[in-house]
Amino acid sequence: NEGVLRSEFPVLEGSAKRFLFFEDAVYFNCSDNRMVALDRYGKVKSVYTLEGYTIGKDYCVDEEARKLLVLASKIQPEEKTPSIDDRLLSVDLISGEAAELLDMGVLLREYKAICKKNDEGVLDWLGLNSVQMCNGTGVLLGAREPSAAFKIKDIYGIPMLEYIIGEMPMFEGTGYEEYVLTKTDD
């Protein structure tokens, strides 16, 4: 035995975006709207279904709260303009209960209002692609479209924008200029 592990992870559709190891399990998305926890023997411990959402590009564990934090898109009715990759959900690892913690379209409504739909009629205005826990109840969210990171505090209470790491021209005239950090050195 050379210590090489060969195995397959059960994925129903698409591909797993990330594998998170927390305590005695590995967590990953097994479909567009389901997360799964496997124990160390490869047995499915839990399946978490995120009804009404499509899992986005990243997720992380809030170890203190024992929750998964999942980037997602809300599935919109046909008559509404879809807006993708702009939500943060929590999944309680014990109860399996899922909840929407943050809609960036509400938090950044003035910025979203100036963004345009693509040729397919989809408003891909933000493109959240990374999430990292900060200071217990805050998160740092990376976003593709504005090439920026957003520090959000109090995600389990009333989420508030704390600061933005990005280029000022992307946010001029949006009302969020005061949140953009100023670069002080190379």
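For clarity, every value in this text was computed on a predicted model and none was experimentally measured.
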- request: Answer yes or no: is there a donor N or O on one side and an acceptor on the other, between the side chain of Asn135 and the main chain of Gly138, under 3.5 Å?
  value: no
- request: Kindly say whether Val36 contributes a backbone atom to a donor-acceptor pair with the side chain of Tyr27 at under 3.5 angstrom?
  value: no
query: Less than 4.0 Å between a side-chain N and a carboxylate O, is that true for Asp24 and Arg40?
result: no
task: Could you tell me whether a side-chain N or O of Thr54 sits under 3.5 Å from a main-chain N or O of Asp32, the two making a donor and an acceptor?
output: no
Backbone N/O of Arg66 and side chain of Asp62: donor-acceptor pair under 3.5 Å: no
- request: Could you tell me whether Lys117 and Asp124 make a salt bridge, using a distance below 4.0 angstrom between a side-chain N and a carboxylate O?
  value: no
message: For the CD atom of Glu23 and the CG atom of Asp39, what is their distance to the nearest 0.5 Å?
response: 13.5 Å
Spacing of CG belonging to Asp103 relative to CZ belonging to Arg109, to within rounding of 0.5 Å: 9.0 Å
- prompt: Is the backbone N or O of Asn118 less than 3.5 Å from a side-chain atom of Glu120, with the two atoms forming a donor-acceptor pair by type?
  reply: no
query: Does the ring center of Phe19 lie less than 6.0 Å from the ring center of Phe28?
result: yes
task: Any chance you could measure Phe150, atom CZ, to Leu108, atom CG, to the nearest 0.5 Å?
output: 5.5 Å
task: Could you grab the distance from atom CG of Asn29 to atom CG of Leu50, nearest 0.5 Å is fine?
output: 9.5 Å
task: Evaluate side-chain hydrogen bond (donor to acceptor under 3.5 Å, both in side chains) for Tyr179 paired with Glu162, printing each intermediate quantity in order.
output: CA-CA 7 Å; Tyr179 294 100; Glu162 193 169 341; over 6 Å; no
- prompt: Can you tell me how far OH of Tyr48 sits from CD of Glu97, rounded to the nearest 0.5 angstrom?
  reply: 12.5 Å
message: To check you understand the geometry: which heavy-atom pair defines the closest contact between Asn33 and Ile55, and what is its length?
response: C-CD1, 3.9 Å
query: If you measure from CZ on Arg87 to NZ on Lys74, what distance do you get to the nearest 0.5 Å?
result: 5.5 Å
- line: Here the pair of heavy atoms bringing Lys112 nearest to Gly105 is CD-CA, 3.7 Å
